[in-house]
Structures are given as structure tokens and as C-alpha cells.
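Nothing here was measured: the structure is a model prediction, and the numbers come from that model.
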Amino acid sequence: MIFLLTLERTSLFYLLLSALAGLGYAGWQILSKKVSGRYSLLQVMTIDNLIFTVISLLLTLGFKESIIWPSLSFLWLIVVLFAWLTLGASFLNIFGFRHFEVQKGSLLMVLEPVFGVIFGWLVFAEVLSYSSLIGGALIIFGAALPNLIQSET
């Protein structure tokens, strides 16, 4: 519901790619929990980044995207900062799933669109629609529901 009014028919292909990415991400979360008990966090992170790099390069070549080579510029500083933040988030994610149930952690991770809408409103002064507010409330309710049910039992 958050993005319902902004979707166009031409974006259906990209919506399907996003769904495929979500499926792959969920699969990786389960796999990383399974292997994180046997392998060190560094090994799991290395596997994660190698898989991500190979898939990204294949998609970049498949969609004939242009590759901008590294240079000493402000834009590349932002790219490097983003890479380090992504590595940090991946590290914390795998570390967290090592100590937390995947199904509960995954429910908390669906709050990403809610935070995206909030940051868009705070940082870029984007206007919130009623559907985005209702969708965000449903996502928060869905993420909280399993924890509310468990605390009652």
C-alpha cells in the first residue's frame, strides 16, 4: 500500500525483479543462519560478498549498464562510504541472525520501507499520502504481531 499509487504498468518488470531479490535475500538469511554456527563471521561475510559481486556483475553485463571506474572524486567517496555501511549492516545482520530466530528477525527487517518513507519525509520533504501512512501502519502491525502474541502466552 505504501507504493501502490506510484506503480505503473511499465514498472511491473522491476517489481518482479524486486520480488526475486526479496526471495534471494530471504534464502540467504536462512542459509547464513545455518552456516554461521559452523563458519566464522568473516567466512560467511566473504561468501556473501562474493555471491553478491558475481550476481551484480552478471546483471550489469546482462542489462548492458555502464560501469563508472573508480576515481578520486566526491561521488566515489560516497560510493565507498555506502559500501562500508552495507558491509557493516551485513555483518550486524548475520551476527544478529546467529543469536535470533530468522522468522522474527525477518519480520523486523520489513520495516525498511517504513524507515525509507520516514527518512524521505524528514530529509527530502516528501509528501506522505494516506496510502503510505496506512501501508506503514500495517507493516508495523505485522512486524509487532508475532511478538505481541508470544508475550501473551
- To the nearest 0.5 Å, how far apart are CG in N49 and CG in L87? 5.0 Å

- Nearest 0.5 Å, what's the CG-CG distance between L23 and L16? 12.0 Å

- Query: Would a hydrophobic clustering, with Ile, Leu, Val, Met, Phe, Trp and Tyr connected at side-chain separations under 4.5 Å, put L122 with L133?
  - Reply: yes

- Under the side-chain contact (heavy atoms from CB on, under 4.5 Å) test, residues paired with L77 that sit two or more places apart: F74

- Quick one: do V44 and L92 end up in the same hydrophobic cluster if we chain Ile, Leu, Val, Met, Phe, Trp and Tyr together by side-chain heavy atoms under 4.5 Å apart? yes

- Message: Holding to side-chain contact (heavy atoms from CB on, under 4.5 Å), I want the full list of residues that pass it with F115, two or more places apart in sequence or in another chain.
- Response: L111, F119

Contacts under 3.5 angstrom, residues 55-69 side chains, donor-acceptor by atom type, not counting sequence neighbours:
| from | atom 1 | to | atom 2 | distance (Å) |
| --- | --- | --- | --- | --- |
| S56 | OG | F52 | O | 2.8 |
| T60 | OG1 | S56 | O | 2.7 |

- Note on the structure: Value for CD1 (I51) from OG1 (T46), rounded to nearest 0.5 Å, stands at 11.0 Å

- Task: Taking the side chain as every heavy atom from C-beta outward, state whether F141 and L145 have any pair of such atoms under 4.5 Å apart.
- Result: yes

- Query: Would a hydrophobic clustering, with Ile, Leu, Val, Met, Phe, Trp and Tyr connected at side-chain separations under 4.5 Å, put V54 with M45?
  - Reply: no

- Query: What do you reckon, is CH2 of W76 surrounded by more than 12 foreign heavy atoms closer than 6.0 Å?
  - Reply: yes

